[in-house]
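A quick write-up on the structure given underneath.
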Number of protein chains: 2
Amino acid sequence: MNIGDVAQRAGLPAKTIRYYEEIGLITPMRDTNGYRRFRDSDLHKLAFLGRARALGFTIEDCRTLLALYDDKTRASADVKHLAKAHLDKIEDKITQLQSMRDTLSELVQSCAGDNRPDCPILSDLATGKH
Amino acid sequence: MNIGDVAQRAGLPAKTIRYYEEIGLITPMRDTNGYRRFRDSDLHKLAFLGRARALGFTIEDCRTLLALYDDKTRASADVKHLAKAHLDKIEDKITQLQSMRDTLSELVQSCAGDNRPDCPILSDLATGKH
DNA sequence: GATAAGGTTTCCAGTCACTGGAAGGTCAAG
DNA sequence: CTTGACCTTCCAGTGACTGGAAACCTTATC
């Protein structure tokens with residue numbers, strides 16, 4: 001398979017796939033014309049990466065996950081630990097965003113949104129007081 | 001005030017303040033020795049920026065917000081519109097993160113986390129099926 | 001007056017995970 | 001033989017800082 005095929009099947013941009021090669025996540029073969037030639041195992045890895053990235057794992061997490069996947073003597077505890085740490089980070093981020101949302105939502109609601117200049121959003125930003 | 005004072009009072013790192021000057025959000029004066037000299041109005045702007053950034057507004061949003069704040073003939077509708085667009089983005093992001101969290105949470109729960117290699121987290125990433 | 005500590009300056013590089021674009025080589029169809 | 005769709009590499013940019021080096025300024029102490 002050439003990069004276009006694999007991109008379509010893995011649901012990743014060709015650019016991203018080249019980048020993944022550059023940072024050593026995959027190592028496709030090369031045809032005599034210089035084109036990358038992808039085996040099924042490469043496609044499989046790319047799909048794995050796509051799903052891991054969709055769950056928000058960092059590239060370095062993905063590298064570790066791929067290594068664990070390849071290591072048939074891994075302990076599932078190692079995988080779980082990595083996933084749990086990531087889950088905790090996501091939950092922190094959600095909490096933080098919810099706090100932003102709550103404040104912003106109040107501000108937006110309190111603003112008349114007409115053609116007069118008075119605006120509680122700006123007042124709040126200027127003074128830090130509600 | 002020198003940059004250290006203003007950093008402390010605004011609750012921003014000195015590095016960030018220099019960066020804000022570089023991108024034209026503030027324009028402090030200079031002493032004869034080359035040190036930045038901050039007026040109260042600069043401190044005020046920095047505090048404004050700190051709060052806007054804490055609510056997740058982008059730097060470009062902040063630039064617009066400062067301009068609106070300075071423009072005494074603004075329409076509050078403009079501010080509200082900007083804030084609402086940002087709020088919508090935050091809500092999208094929360095939804096997205098919650099979806100990640102739900103999937104991840106299930107996966108983490110389903111993994112034994114012991115010293116055996118079997119791991120539903122890796123299986124899911126590998127196959128995309130639960 | 002020398003020295004040390006702490007504050008300040010500029011400039012350059014790195015972060016993360018791509019993404020866009022330019023300039024050029026390759027391949028299949030008509 | 002040319003057109004168009006692929007593919008290649010390389011370089012630069014994104015957002016919002018952050019770290020570090022080398023050098024200058026200020027203040028306190030000896």
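Lettering follows sequence order; numbering is per chain, from 1. As a basis for the values below, the full set of heavy atoms in this structure was taken, side chains included, without hydrogen atoms, waters or symmetry mates.
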Checklist entry - In whole angstrom, what separates B/I17's CD1 from D/dC17's C1'? => result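 Taking CD1 of B/I17 and C1' of D/dC17, I get 13 Å after rounding.
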Checklist entry - Taking atom P of D/dG15 as reference, at what distance in whole Å does atom CD1 of B/I23 sit? => result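 Result: 10 Å.
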Item to check | Residue pairs involving residues 81-111 of chain A (criterion ring-ring contact (aromatic ring centres under 6.0 Å, His included); sequence neighbours excluded) | outcome: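 Counting only pairs at least two positions apart or across chains, the ring-ring contact (aromatic ring centres under 6.0 Å, His included) contacts touching residues 81-111 of chain A are A/F57-A/H86.
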Next on the checklist: Run A/Y20 and A/L12 through side-chain contact (heavy atoms from CB on, under 4.5 Å) and show every step you take.
Outcome noted: CA-CA 11 Å; A/Y20 286 173; A/L12 293 171; 4.1 Å; yes
Indicate yes or no for a side-chain donor-acceptor contact from [X] to the backbone of [Y] under 3.5 Å, with no hydrogens or angles considered.
X: A/R36; Y: A/T27; result: no
X: A/R101; Y: B/I94; result: no
X: A/D31; Y: A/N33; result: no
X: A/R51; Y: B/A126; result: yes
X: A/S76; Y: B/G113; result: yes

Checklist entry - Quick one: does A/I17's side chain get under 4.5 Å of A/D42's, heavy atoms only? => result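 A side-chain contact is absent here, since even the closest heavy-atom pair is not under 4.5 Å.
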Next on the checklist: Taking the axis from the first five pairs and the axis from the last five, what angle separates them in the helix from C/dG1-D/dC30 to C/dG30-D/dC1, rounded to 10 degrees?
Outcome noted: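 Roughly 30° between the end axes, to the nearest 10°.
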Using a strict threshold of under 4.0 Å (side-chain N to carboxylate O), is an ion pair present between [Y] and [X]?
X: B/R9; Y: B/D5; result: no
X: A/E21; Y: A/R30; result: yes
X: A/D118; Y: A/R116; result: no

Checklist entry - Using a heavy-atom distance cut-off of less than 4.0 Å, which residues of residues 47-70 of chain A contact DNA chain C? => result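 Per residue number, the list reads A/R53, A/T58, A/I59.
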Checklist entry - Nearest heavy-atom pair of B/P13 and B/A7: which atoms, and what distance? => result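 Shortest heavy-atom separation between B/P13 and B/A7 comes out as C-CB, 4.4 Å.
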Item to check | Partners passing salt bridge (charged side-chain N to carboxylate O under 4.0 Å, His left out) against B/R74 (at least two apart in sequence or in another chain) | outcome: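 For B/R74, no residue satisfies salt bridge (charged side-chain N to carboxylate O under 4.0 Å, His left out) once neighbours in sequence are set aside.
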Checklist entry - Contact boundaries of DNA chain C with chain A (under 4.0 Å, heavy atoms), 5' to 3'? => result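 Taking any atom under 4.0 Å from a heavy atom of chain A, the span is C/dA17 to C/dC27.
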Checklist entry - Once each nucleotide of nucleotides 5-10 of chain D is scored for protein heavy atoms under 4.0 Å, what B/S/- sequence comes out, 5' to 3'? => result -BSBBB
